[in-house]
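These notes concern the structure reproduced below.
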Amino acid sequence: MSSISENLKKVLSTLPDDVRLVAVSKYHPAESILEAYNEGQRVFGESHVQELQVKHETLPNDIQWHFIGHLQTNKVKYIAPYVSMIEAVDSLRLLQEIERQAAKCGRVVDVLLELHIAEEETKYGLTINDCRQLLEEGEWRQMEHVRICGLMMMASYVEDNDQIAREMSLAADFFDEVKERFFADADYFCERSWGMSHDYLIACRCRSTMVRIGTTIFGERT
Ligand SMILES: *Cc1c(COP(=O)(O)O)cnc(C)c1O
């Protein structure tokens with residue numbers, strides 16, 4: 001058995017039943033993805049549009065591709081025809097462009113709103129206040145080709161597990177607020193995407209529904 005399938009099985013065995021795995025395959029070759037695919041994994045995460053384009057064209061078409069990186073508005077058009085979920089929507093402008101491009105191809109694209117809660121300044125995402133404001137302004141309600149399915153975030157990259165858990169719990173509490181105020185009747189608003197290789201077990205304790213794991217499955221990226 002290859003190490004990728006061993007790693008994948010190990011990760012899956014540690015996930016609670018209600019937490020889904022996004023196998024983050026960025027920078028890893030098609031063969032690696034196929035090893036995980038042959039073990040039954042179908043959801044993969046990529047963060048570069050060009051790389052995703054090539055992989056989408058060459059790999060099995062029942063793969064569900066999640067775009068997890070920062071997405072420039074001028075590149076939405078390339079992935080709108082097939083992407084399964086855009087996880088890191090961090091502006092109204094990006095949401096508008098996804099709506100426009102999804103409409104063009106007659107699709108409804110699932111998205112998550114990315115929160116910036118971590119202390120690091122380099123990370124993208126909406127502050128809790130900006131996210132609340134975007135939802136209150138309500139333009140998203142007219143968008144028939146995007147479906148806001150939940151929230152996504154990255155915790156600070158620190159040793160302090162308590163800090164990681166605090167940040168994830170803050171996101172989970174905010175999810176509850178958003179659910180109640182804006183999506184109470186929308187069953188599809190149910191995703192909390194947090195947890196990566198180094199902190200996914202913490203994420204599972206902090207109400208994650210979707211973990212994005214790369215290195216632990218595929219090894220170091222080159
Ligand atoms: C690369 C990446 C991951 C996976 O990180 P690992 O540490 O390799 O598990 C998760 N989420 C996002 C947004 C990423 O860019």
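In listed order, ligands and their atoms are each counted from 1.
Tyr27 does not carry Arg221 over the face of its six-membered ring by the limits of under 6.0 Å from the centre and within 45° of the normal.
Using a cut-off of 4.0 Å between Lys/Arg side-chain N and Asp/Glu carboxylate O, Lys10 and Glu6 are scored as not salt-bridged.
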Worked verdict on Glu97 versus Arg100 for salt bridge (Lys or Arg N to Asp or Glu O under 4.0 Å) | CA-CA 5 Å; Glu97 180 62 9; Arg100 216 164 70 86; 3.0 Å; yes
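Without hydrogens or angle criteria, Ser197 side chain to Thr216 main chain gives a donor-acceptor distance under 3.5 Å. Ser208 places no side-chain N or O within 3.5 Å of a backbone atom of Ser193 that could act as its donor or acceptor partner.
Listed by chain and number, Val24, Lys26, Ile68, Met152, Met154, Met196, Ser197, Arg212, Ile213, Gly214, Thr215, Arg221 each place a non-hydrogen atom less than 4.0 angstrom from ligand 1.
Taken to the nearest 0.5 Å, the CD1 atom of Ile217 stands 11.5 Å off from the CD1 atom of Ile33.
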